[in-house]
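In what follows, residues are counted from 1 in the order of the sequence shown.
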Amino acid sequence: MSPMTTLTLPACLDSLPRGLALVVECAIAAGFPPRRVMEIELAVEEALANICLYAYPDSRGEVEVRCVRDETQHFLIELIDTGVPFDLLAWPAPDLTVDMAQRQIGGFGIPLILALMDHVTYQREGDRNILRLAVRLSL
């Protein structure tokens, strides 16, 4: 496994630019073309914004952003927080058959993340939410 790059930030929207800059820098260093870097950034922005907005409803907290290249030729982004448990993989997909005017606002971020990433996992480890976003590296 290659060296890990980690940044711990306050879980607030003001921290998004710093967290995204780290991910973009690491994705570029991993050799992704500009379009794929943009897709990675979009997926991470959605996940990170959700942590900032919802992980700590009654308090302030932090989010750790980790980037690493693993032994299976994947670029991994891990977003770790100690907020309320939230398994995005268990969240129901939005109903696209409902008329646009009658749909609830929101709910499209999770399908976006899943569509842009090659593999997504979630686990609750003790008091930590660990969201792993994996992107295959081109050989």
Side-chain angles (χ1 to χ4, degrees):
M1 192 172 292
S2 69
M4 186 180 328
T5 303
T6 303
L7 180 62
T8 301
L9 301 164
C12 63
L13 294 177
D14 290 342
S15 297
L16 280 177
R18 285 183 58 211
L20 293 173
L22 172 76
V23 171
V24 166
E25 180 183 319
C26 291
I28 290 169
F32 289 105
R35 180 180 174 155
R36 193 61 173 135
V37 171
M38 184 184 71
E39 293 170 346
I40 293 166
E41 180 181 20
L42 181 58
V44 172
E45 180 177 18
E46 180 62 34
L48 203 49
N50 283 338
I51 291 168
C52 292
L53 291 170
Y54 305 114
Y56 301 98
D58 300 319
S59 63
R60 293 184 182 176
E62 294 181 327
V63 59
E64 184 177 343
V65 181
R66 293 182 182 172
C67 297
V68 66
R69 179 179 173 164
D70 75 1
E71 64 278 349
T72 63
Q73 298 301 308
H74 282 87
F75 173 64
L76 301 176
I77 303 110
E78 293 182 334
L79 303 176
I80 302 167
D81 69 79
T82 57
V84 295
F86 180 72
D87 180 357
L88 65 82
L89 300 175
W91 199 257
D95 184 357
L96 301 178
T97 63
V98 175
D99 184 72
M100 190 82 138
Q102 296 175 346
R103 287 187 199 157
Q104 287 185 323
I105 294 175
F108 291 92
I110 294 169
L112 178 70
I113 293 167
L114 296 174
L116 293 173
M117 297 292 94
D118 292 317
H119 190 65
V120 177
T121 61
Y122 166 84
Q123 69 185 84
R124 182 76 179 181
E125 203 173 89
D127 66 346
R128 301 181 326 149
N129 293 303
I130 303 171
L131 179 63
R132 269 186 204 93
L133 309 174
V135 186
R136 259 186 311 279
L137 294 161
S138 299
L139 297 177

Requested in this report: May I ask you to check whether F75 and F32 place their ring centers less than 6.0 Å from one another?
Outcome: yes
Report task. Show your working on side chain to side chain contact (heavy atoms under 4.5 Å, CB included) between V120 and L88 and close with a plain yes or no. Result -> CA-CA 9 Å; V120 177; L88 65 82; 4.2 Å; yes
Report summary line: Separation between CG (L137) and CG (L76), nearest 0.5 Å, reads 8.5 Å
Query - SG on C12 to CD1 on I51, rounded to 0.5 Å - result: 12.5 Å
Query raised in the report: About how many Å separate CD of E46 and CG of L133, when rounded to the nearest 0.5 Å?
Result: 11.0 Å
Query raised in the report: Does Y54 reach the main-chain N or O of G83 with its side chain, forming a donor-acceptor pair under 3.5 Å?
Result: no
**Report entry** Side chains of I77 and R132 in contact at under 4.5 Å (non-hydrogen atoms)
**Finding:** no
Query raised in the report: Just wondering, do T82 and N129 contact through their side chains at under 4.5 Å, heavy atoms?
Result: no
Query - Single-linkage hydrophobic cluster, 4.5 Å side-chain cutoff, L13 and Y56 together - result: no
Query raised in the report: What is the distance from atom CE of M117 to atom CG of L112, rounded to the nearest 0.5 Å?
Result: 9.0 Å
Report task. Identify the heavy atoms of E41 and L20 that sit nearest to each other, and give their distance. Result -> O-CD2, 3.7 Å
Report summary line: For V37 and A27, the nearest pair of non-hydrogen atoms, with its separation, is CG2-CB, 4.1 Å
Query raised in the report: Once you round to the nearest 0.5 Å, how far does CZ of F86 lie from CG of L131?
Result: 9.5 Å
Query raised in the report: What is the minimum heavy-atom distance between V63 and P10, and which atoms define it?
Result: CG1-O, 4.4 Å
**Report entry** P57 side chain reached by V84 side chain, heavy atoms, under 4.5 Å
**Finding:** yes
Report summary line: Nearest heavy-atom approach of T8 to E64 is OG1-CG, 3.8 Å
Requested in this report: Count the heavy atoms belonging to other residues, nucleotides or ligands that lie under 6.0 Å from CZ of R18, then report whether that count exceeds 12.
Outcome: no
Query raised in the report: Nearest 0.5 Å, what's the CZ-OG1 distance between R66 and T5?
Result: 11.5 Å
**Report entry** Same apolar cluster: M38 and L48, side chain cutoff 4.5 Å
**Finding:** no
Query raised in the report: Should I40 and V24 be regarded as members of a common hydrophobic cluster, given that ILVMFWY residues are connected when their side-chain heavy atoms come within less than 4.5 Å of each other, either directly or indirectly?
Result: yes
Report summary line: Taking every heavy atom of Y122 against every heavy atom of P85, the minimum-distance pair comes out as OH-CA, 3.9 Å
Query raised in the report: Out of curiosity, does L116 fall in the hydrophobic cluster containing L16 (side-chain heavy atoms, cut-off under 4.5 Å, transitive links)?
Result: yes
Query raised in the report: If you take all heavy atoms of A55 and D81, which pair is closest and at what distance?
Result: CB-OD1, 3.8 Å
